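One structure is given below, encoded as structure tokens.
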Amino acid sequence: MGLKIDMPEPNGGRLVDRVVKKPEIGAKMAAGCPAFDIKPTMFKGSPIRNVYREIVSICYGFFSPVEGSMVREEVERVLKERRLLNDCIFPYPLVFDITEEDLKGLGVEEGDRLLLRLKGQPFAVIDIEEIYKIDTDDLATRTFGTPENNPEVVREPFNEKHPGYVIYKSLNPYVIGGKFFIVNPPKFREPFDRFWFPPAEARKEFKNKGWRTVIAHQTRNVPHVGHEFLMKNAAYMGDTEPCHGIVVNAIIGAKRLGDYPDEAIIEAHAATNEGKYIKPERHMVTFTLWDMRYGNPIESLLHGIIRQNMGVSWHMFGRDHAAVGEFYDEYATQILWGEGIPSFGFEAPPTDVYAGLKIRPQNMQEFWYCPVCGEIAYKGNCGHIDEKQKFSGSFIRGMVREGVFPPKVIMRPEVYKAVVKWWKKFNYPFVNSAYLEYKNKEGEFDLPAMEVSEKR
Amino acid sequence: MAYNMALLLDSARKEKIKGTPVEQQIQKLFGGEVEAVIMEIPEEHAKKILDEFTTARIDSRGFLEDIPVALKRAIFSEVASKGSTGPEVLDATLAKLDEIKEEAKKESEYIPPPEI
């Protein structure tokens, strides 16, 4: 048996690529189609999800082998077994939802092609396979589980305090199922453009860098020194040598009040290598468009799939991975990847089941500052439990809010400067209602002007 | 269950508690890079703060965080004037809740960025 690990194949064996690169072909595909302007999913007056991010991530292959908005039978299988109709693992229902009024106004039916516009421009088309009604309460509950049905890891019934539950509950009642094509590819704006590595490009980039083994760090936050130590230490795992590369993949999408703006998150991570705390030759920042569902073990499956599709060999998972509140066991993700969660369809870890994932988990404990050791210490090593000083993102946010320059043992100065750069732009260090409005209007990219004929 | 709150100290704040019993409570964190007074927040006060300020939360250390600067500033002001971190500080602070919420509202729209 060889010990060296090769780049894993994509989930399902091939990367999805549903992006039409030539505008004239895109315009031709959209010609004569009824058109619909994409709208955000709203909750209490705030945009909490926008389906265009799912369309981008599907068509560029981040969610391979998913190719579109799921048909009813596929949604059911995902909810029951976390598998697609082709047996590949996938954790979340992905649907293009629409109101009854909009559906009637469009007058479309199965077999039709619908043009989806964004920011007034043609963006994508969907080839309609099925139109069906959903029960959003049921969908929201079954997506995340219940203490009765998933007693291994669900601790509290989900409710409106959970942002992912609220996304599913707030969907429109009708779904148009079918495959997407992006007919007018997005042009990412600064600062996102320099971090845009869809799976096919990420794989090429890893090869160009000579990276055989790569470990992924999931983030939705500005990095503090605890995150930096997590990345550096988790990367000692590799094969015959530590991982060649560390890839930060930021989840960019709808934000909660009080989070850092996406622009600050992504540039702050880049500042970690620009400041050489991790050599730029070994560290790469990327992103995926997705409105986080905060589904802890369920979300970790999506993270595993995205990063496997990007060609990543290992994924670090910590305590409370992609979690909010106390709905799940704080180690639910590590339970899934360590032993499986039968009630969610995994009798064994997702790597050890039929058509399993090829990315390998690196379940990590946390890092803290230990005044006795006089250094940043790993929970698995440091026995000074009573003396530990934990890194807390909210403690650091409080420091930032009060105008205190964080000491470099907590946040690197380059990272803080990236936060301040975007603070100056938005007049606020965190997400507030003005940022939400900006984000909803501008998104992350622009679309070139495209003329589409009304006739086929 | 009681929670905690960390009041960060700079030189101006340290001057204000100089000579009071609170000075003895100063803790050095992260190798002495951060100085703070850690005060206990009884459950009923914590609940009130969580109810009144939607962003407020208890973090993984059991600390009350993500609260407006206006509230922290008001609590520190009472700590300095009373020379205590006891529950009477929170009673006095929360008696001015309307005023604090008004300040906090402004703070949700604009916080001046530091000049660095």
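Nothing here was measured: the structure is a model prediction, and the numbers come from that model. By convention in this document, chain letters (A, B, ...) are assigned in the order of the sequence lines, proteins followed by strands, and residues within each chain are numbered from 1.
Contact detail for B/Ile111 and A/Trp423: the closest heavy-atom pair is O-NE1, 2.8 Å. Here the closest non-hydrogen pair linking A/Gln389 and B/Gly31 is OE1-N, 4.4 Å. What you find for A/Ser392 and B/Arg61 is that their closest heavy atoms are CB-NE, 3.4 Å.
Chain A forms more heavy-atom pairs under 4.5 Å with one residue of B/Lys28, B/Arg13, B/Arg73 than with any other, namely B/Arg13. Counting heavy-atom pairs closer than 4.5 Å to chain B, the top residue among A/Lys417, A/Met399, A/Glu330 is A/Met399.
Crowding of B/Glu44 atom CD: a count of heavy atoms from other residues, nucleotides or ligands under 6.0 Å exceeding 12. By the 6.0 Å contact criterion, NZ on A/Lys232 is enclosed, its count of non-hydrogen atoms from other residues, nucleotides or ligands being greater than 12. Atom NZ of B/Lys48 has 12 or fewer neighbouring heavy atoms from other residues, nucleotides or ligands inside a 6.0 Å radius. Heavy atoms of other residues, nucleotides or ligands lying less than 6.0 angstrom from CD of B/Glu23 number more than 12. Applying the 6.0 Å contact sphere to NZ of A/Lys408 captures no more than 12 heavy atoms from other residues, nucleotides or ligands.
Of the atoms belonging to A/Phe405, it is side-chain heavy atoms, and not backbone ones, that fall under 4.5 Å from chain B. With a threshold of 4.5 angstrom between heavy atoms, A/Pro429 approaches chain B through side-chain atoms but not through N, CA, C or O. Contact annotation for B/Asp10: neither backbone nor side-chain heavy atoms come within less than 4.5 Å of a heavy atom of chain A. For A/Arg401, the parts lying under 4.5 angstrom from a heavy atom of chain B are both the backbone and the side chain. At a 4.5 Å heavy-atom cutoff, the contact between B/Glu109 and chain A is made by backbone atoms alone. There is no contact between B/Ile58 and chain A, counting heavy-atom distances below 4.5 Å. Neither the backbone nor the side chain of A/Arg256 comes within contact range of chain B, judged by heavy atoms closer than 4.5 Å.
Between B/Phe30 and A/Phe391, the ring planes are tilted. Angles from 30° to 60° get that label.
Under the 4.5 Å side-chain criterion, counting only non-hydrogen atoms from C-beta, A/Ile410 is not in contact with B/Glu33. A heavy-atom distance below 4.5 Å is found between the side chains of A/Arg319 and B/Ser60. In this structure the side chain of B/Asp66 never reaches within 4.5 angstrom of the side chain of A/Phe430, judged on heavy atoms.
Judged purely by atom type and a 3.5 angstrom limit, A/Asn432 uses its side chain to pair as donor or acceptor with the backbone of B/Ser108.
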